[in-house]
Number of protein chains: 2
Amino acid sequence: MSKHAKEMGVLKEHLGKHQLKFTRQRELILDAFLKQEHITAEEMYHQLARKDPHLGLATIYRTLNLFCEAGLAQARHFGTQTQYDNISHKGHHDHLICTGCGKIVEFENCDIERLQEEVASRNGFTIQTHRLELYGLCSHCRH
Amino acid sequence: MSKHAKEMGVLKEHLGKHQLKFTRQRELILDAFLKQEHITAEEMYHQLARKDPHLGLATIYRTLNLFCEAGLAQARHFGTQTQYDNISHKGHHDHLICTGCGKIVEFENCDIERLQEEVASRNGFTIQTHRLELYGLCSHCRH
DNA sequence: TTGAAATTGATAAACCGTCTCAAAAATGAT
DNA sequence: ATCATTTTTGAGACGGTTTATCAATTTCAA
């Protein structure tokens with residue numbers, strides 16, 4: 001039994017519902033994806049180059065977008081690139097980013113999330129996803 | 001006295017500190033920028049084409065990025081383009097974005113901001129700025 | 001006014017992500 | 001297992017956005 005049986009099941013169910021096929025590449029990419037918090041297509045391309053030198057970048061983009069549709073991943077624009085967050089394993093998280101050294105700290109805060117829901121419903125919105133980034137100086141860079 | 005004297009002052013101070021020069025183009029772009037909540041470089045290019053047909057797109061990009069460094073603007077990646085938000089005029093605000101029709105609602109929430117400070121200090125960070133975007137469906141698109 | 005330094009405009013180039021399409025692989029039926 | 005159908009893949013072309021280049025122009029302090 002695979003390490004990622006549950007997520008593999010989610011993927012297969014999505015594939016089944018949409019007349020899509022289960023392929024070696026999709027399995028390979030899902031396995032690699034689930035080991036990360038978040039990753040870019042480019043990073044994954046280099047990581048997987050050793051396992052399968054012929055795996056194309058387009059396939060990685062297509063597959064990561066597929067994961068988003070299947071509810072396994074979430075795309076997030078960060079800098080100029082798109083980060084694909086692994087939401088199946090640890091749930092959603094937000095980011096604290098040091099403008100001095102670039103350090104990134106992940107956090108979760110239920111109270112903030114609850115207030116977000118409040119703001120949304122007050123404006124008639126139903127939240128699908130969100131993005132919260134706090135920029136500042138870490139204790140090291142402040143001195 | 002110009003309508004945007006305060007922000008012009010902020011810009012001039014930043015220019016002075018960094019051995020940069022005050023130019024006709026920078027003044028023109030700042031005036032146009034401060035009239036907007038948020039704008040893309042391309043939109044501004046077309047807006048200003050009438051006032052100065054020779055103003056180059058590269059200059060607009062350079063200048064909007066300069067405003068970010070001066071603390072007058074904040075860049076935000078939305079879809080494939082970059083939105084430059086005017087943060088000097090109305091203070092910081094966050095966004096509710098409809099994934100159906102693209103409608104953007106601005107909001108402010110002191111409670112959320114307070115909790116952000118809490119999270120940051122718990123991690124030894126001092127916040128300089130932040131970005132919060134809630135994506136979902138507006139009441140119109142939900143039906 | 002003069003001269004050093006920064007800025008501009010035009011365009012080339014870089015970059016990210018998507019599209020195209022022929023070849024290959026997966027699935028369901030026989 | 002084989003076949004026929006449909007989807008997927010890989011490689012590179014492509015499109016849109018942003019940055020880099022560089023000669024000519026402008027700013028600004030002396």
Measuring to OP1 and OP2 of dT8(C), would you say a side-chain N or O of His54(B) lies under 4.0 angstrom away?
no

Is it the case that the side chains of Thr63(B) and Gln25(B) hold a donor-acceptor pair, with the cut-off being a distance below 3.5 Å and no angle test?
no

Nearest whole angstrom, please: distance from the C1' of dT8(D) to the CD of Glu69(A).
15 Å

Using whole Å, what does the distance between atom P of nucleotide dT9(D) and atom CG of Leu48(A) come to?
13 Å

Specify the residue among Tyr45(B) and Leu15(B) whose closest nucleotide of DNA chain C lies further upstream toward the 5′ end.
Leu15(B)

Contacts of Thr40(B) meeting side chain to side chain contact (heavy atoms under 4.5 Å, CB included) (sequence neighbours excluded), chain-then-number -> Glu42(B), Glu43(B), Gln81(B), Gln83(B)

Which heavy atom in Gly71(B) sits nearest to a heavy atom in Ile87(B), and how many Å separate them?
O-CD1, 3.7 Å

Flag for Arg142(B)-Ser139(B): side-chain donor and acceptor within less than 3.5 Å:
no

Rounded off to whole Å, could you give me the CG-to-P distance for the Leu66(B) and dT18(D) pair?
17 Å

Looking at DNA chain D, which of residues 20-27 of chain A put a heavy atom within less than 4.0 Å of it?
Leu20(A), Lys21(A), Thr23(A), Gln25(A), Arg26(A)

Once each nucleotide of nucleotides 16-21 of chain C is scored for protein heavy atoms under 4.0 Å, what B/S/- sequence comes out, 5' to 3'?
SBBBB-

Gap between atoms CG and P, on Asp52(A) and dG10(D) respectively (whole Å):
6 Å

Nucleotide dT18(D), atom C1' - distance to CE of Met44(B) in whole Å
16 Å

Can you check the His18(A) NE2 to dT8(D) P distance for me, whole Å?
12 Å

Among residues two or more places apart or on two chains, list those pairs meeting ring-ring contact (aromatic ring centres under 6.0 Å, His included) that have a residue in residues 94-120 of chain A.
His38(A)-His95(A), His93(A)-His95(A)

Starting at atom NE2 of His14(B), determine the distance to atom P of dT7(C), rounded to an integer number of angstrom.
10 Å

Pair Phe33(A) + Phe67(A): ring centers closer than 6.0 Å
yes

Report the distance from atom NE2 of His46(B) to atom P of dG16(D), rounded to the nearest whole Å.
13 Å

Please name the pair of heavy atoms, one in Ala41(A) and one in Ile60(A), separated by the smallest distance, quoted to 0.1 Å.
O-CG2, 3.8 Å

May I have the list of side-chain donor-acceptor pairs in residues 11-21 of chain A shorter than 3.5 Å, sequence neighbours left out?
from: His18(A); atom 1: ND1; to: His14(A); atom 2: O; distance (Å): 2.9

Among residues at least two apart in sequence or on other chains, which ones pass side-chain hydrogen bond (donor to acceptor under 3.5 Å, both in side chains) with Thr23(B)?
none

